[in-house]
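Written out below as structure tokens is the structure these notes cover.
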Number of protein chains: 2
Amino acid sequence: MTADPYDVLDEQCPTREVLSRIADKWAMLVILALEEKTLRFSALRTRVRGVTQKMLTQTLRGLEKDGLVARKVTPTVPVTVEYSLTPLGRSLSQAVSVIRRWTYDYMDEIKRARARFQKTKPVA
Amino acid sequence: MTADPYDVLDEQCPTREVLSRIADKWAMLVILALEEKTLRFSALRTRVRGVTQKMLTQTLRGLEKDGLVARKVTPTVPVTVEYSLTPLGRSLSQAVSVIRRWTYDYMDEIKRARARFQKTKPVA
DNA sequence: CTGGATCCGTTGCGATACTG
DNA sequence: CAGTATCGCAACGGATCCAG
């Protein structure tokens, strides 16, 4: 029954910036993509459809910095760079999968909610 | 063993835009704040430290549109606006809480990972 | 006075081009 | 192949203004 030492709703709490990193569209998609298997940069770019090189690079650096993703460079010609989840990253992917699961399970209900909303507020 | 009809990694999949809405820093914080109890706009603004009026309004409209948050206006003077999670929103808050739980549980490990990263790559 | 809309300066993102 | 550099645009933060 011990209270958590953290409170993400507090702006100063260190967990806030961690949440900021993972509560991000591209970060979550990258984690889900890497959950399946280790991927090279180009493969990751293909798997996470719609992500730009810039955002993919930026997202990967952030995840790497927090120890969620491991970057492995093989000095072939041309160079091969492989990205994979660290054990810490895999523990997070469990939680992210719960979000995905929810999205899949309630997609239809969200569609209905949207239709209902449209009816109630017919365009602003 | 039936495969999911959805794939969030597919840019065209409708679940992608749902994830985009909830895989958002402010959206998650608002959901966590409302998980505790119904809150008025100003109280919500205080509880979710650091959010601007503009982003809070915008976030709430988005969540309301997808049926996750209910908006109740009481025409007092001055007007009272209460926000609460819908049943759908509460089902999502379960999943979001898992993310928060993970953040709290692994905060220390992330700190260590960051320190390790700093050592490996001493400033870009 | 609360909730929110609007305007503007700054930051961040997307698209393209270029390099080791 | 895996990035970095540049630039135009959209999104955000902050301040101000407005309706009830």
Side-chain angles (χ1 to χ4, degrees), chain A residues 9-12 16-17 19-30 33-34 37-65 69-84 117 120-121 123-124, chain B residues 9-12 16-17 19-30 33-34 37-65 69-84 117 120-121 123-124:
Chain A
L9 292 175
D10 175 9
E11 198 177 2
Q12 309 302 326
R16 175 71 78 95
E17 83 181 283
L19 188 79
S20 297
R21 193 182 300 288
I22 62 184
D24 171 81
K25 175 184 166 185
W26 297 127
M28 285 206 179
L29 291 174
V30 164
L34 290 180
K37 59 174 179 177
T38 295
L39 289 173
R40 296 180 56 175
F41 186 85
S42 53
L44 197 45
R45 179 154 161 51
T46 303
R47 189 82 185 88
V48 183
R49 305 259 171 191
V51 69
T52 60
Q53 299 99 317
K54 186 181 173 181
M55 287 314 295
L56 182 54
T57 300
Q58 191 174 308
T59 302
L60 286 168
R61 292 291 176 277
L63 295 175
E64 193 191 355
K65 186 185 164 203
V69 163
R71 182 172 185 267
K72 183 186 171 190
V73 181
T74 308
T76 49
V77 178
V79 67
T80 301
V81 182
E82 285 189 334
Y83 290 95
S84 60
F117 187 79
T120 314
K121 336 248 167 166
V123 186
Chain B
L9 292 175
D10 176 8
E11 199 177 2
Q12 309 302 324
R16 175 71 78 96
E17 85 180 283
L19 189 78
S20 297
R21 193 181 301 287
I22 62 183
D24 170 82
K25 174 185 167 183
W26 297 128
M28 286 204 177
L29 291 174
V30 165
L34 291 180
K37 60 174 178 176
T38 295
L39 289 173
R40 295 181 55 177
F41 186 85
S42 51
L44 198 45
R45 179 155 160 52
T46 304
R47 189 82 184 87
V48 183
R49 306 258 172 192
V51 69
T52 59
Q53 297 100 320
K54 187 181 173 183
M55 287 313 295
L56 182 54
T57 300
Q58 189 174 310
T59 301
L60 286 168
R61 291 290 176 278
L63 294 175
E64 193 191 355
K65 188 185 164 203
V69 163
R71 181 174 186 266
K72 183 186 172 190
V73 181
T74 308
T76 50
V77 177
V79 68
T80 302
V81 183
E82 285 188 334
Y83 290 94
S84 60
F117 188 78
T120 313
K121 335 249 167 166
V123 185

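No experiment lies behind these values; they were computed from the predicted model shown.
Contact between A/A23 and A/M28 at its shortest, heavy atoms only, is CA-CE, 4.2 Å. A/V48 approaches A/A33 most closely through the heavy-atom pair CG2-CB, 3.8 Å. Here the closest heavy-atom approach between residue B/V79 and residue B/T74 is recorded as CG2-O, 3.5 Å. Closest non-hydrogen pair, B/S84 versus B/T38, comes out as CB-OG1, 3.2 Å. Across every non-hydrogen atom of B/L63 and B/R21, the tightest pair is N-CD, 4.1 Å.
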Without placing hydrogens or testing angles, list every side-chain donor-acceptor pair under 3.5 Å for residues 51-61 of chain B, not counting sequence neighbours.
| residue | atom | partner | partner atom | Å |
| --- | --- | --- | --- | --- |
| B/T52 | OG1 | B/M55 | N | 3.2 |
| B/T57 | OG1 | B/Q53 | O | 2.9 |
| B/T59 | OG1 | B/M55 | O | 2.6 |
| B/R61 | NH1 | B/Y83 | OH | 3.4 |

| Can you give one letter per nucleotide of nucleotides 1-14 of chain C, 5' to 3': B if a protein heavy atom sits under 4.0 Å from the base, S if only from the sugar-phosphate, - if neither? | BSSSS-B-----BB
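B/R16 places none of its side-chain heavy atoms less than 4.5 Å from the side chain of B/D10.
For residues 43-53 of chain B, the salt bridge (Lys or Arg N to Asp or Glu O under 4.0 Å) pairs, not counting sequence neighbours, are A/D7-B/R47, B/E36-B/R47.
Note that the CZ atom of B/R40 and the OG1 atom of B/T46 stand 11.0 Å from one another [nearest 0.5 Å].
Reading DNA chain D from its 5' end, the first and the last nucleotide to sit under 4.0 Å from a heavy atom of chain B are D/dC12 to D/dG20.
Helix bend of the helix from C/dC1-D/dG20 to C/dG20-D/dC1: the angle between its two end axes, each built from five pairs, comes to 30° after rounding to 10°.
In this view, A/T80 and A/T76 satisfy the side-chain hydrogen bond (donor to acceptor under 3.5 Å, both in side chains) rule, not counting sequence neighbours.
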